[in-house]
Amino acid sequence: GQGRNKDATTGQVRQFENQLQQNGQDSLERSKRSLQRKLREHEQKVRDLRASGGYTSSIEREIKNFRQQLNAINDVLG
């Protein structure tokens, strides 16, 4: 697909389509806010770890996943 979900997997999009269908838009909006909060927290962790010379690869993988999930939610919400 094109547009905002280019980084999201088909499975992620399907997961959030199911959530929207089963639990409604409010549920999806809550998930979006939660992911945005987790993303901010993890981005700060990466900055802190880089400053102290720590390893960031696992946190960067989680950040990538959070961004993909947010892209999937945005695609589902339209």
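Small disclaimer: the values here were computed from a predicted structure and weren't measured. Side chains included, hydrogens not; waters and symmetry mates left out as well; all remaining heavy atoms used. One-based numbering along the sequence shown.
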Problem set entry | Distance-only side-chain donor-acceptor flag, Gln19 / Ser31, under 3.5 Å | yes
Exercise. Can a donor-acceptor pair be found between the side chains of Asn71 and Gln12 at a distance below 3.5 Å?
Worked result: no
Problem set entry | Asn74 side chain to Leu70 backbone, donor-acceptor under 3.5 Å | yes
Exercise. What distance separates Asn65 CG from Lys38 NZ, expressed to the nearest 0.5 Å?
Worked result: 9.5 Å
Exercise. Taking side chain as C-beta onward, heavy atoms only, is Gln36 less than 4.5 Å from Phe66?
Worked result: no
Problem set entry | Residue pairs, two or more places apart or on separate chains, that pass salt bridge (Lys or Arg N to Asp or Glu O under 4.0 Å) and touch residues 25-36 | none
For this session: Starting at CD1 of Ile73, measure out to CD of Gln15 and round the result to the nearest 0.5 Å.
Result: 8.0 Å
For this session: Could you name each residue pair satisfying salt bridge (Lys or Arg N to Asp or Glu O under 4.0 Å) that touches residues 47-66, not counting sequence neighbours?
Result: Arg50-Glu60
For this session: Can you sort out the partners of Leu20 under side chain to side chain contact (heavy atoms under 4.5 Å, CB included), two or more places apart, ordered by chain and number?
Result: Gln25, Leu28, Val76
Problem set entry | Asp7 and Arg67, any side-chain heavy atoms less than 4.5 Å apart | no
Exercise. Taking atom CG of Leu77 and atom CZ of Phe16, what is their separation to the nearest 0.5 Å?
Worked result: 10.0 Å
Exercise. Mind checking whether Val13 and Thr9 have side chains closer than 4.5 Å, heavy atoms only?
Worked result: no
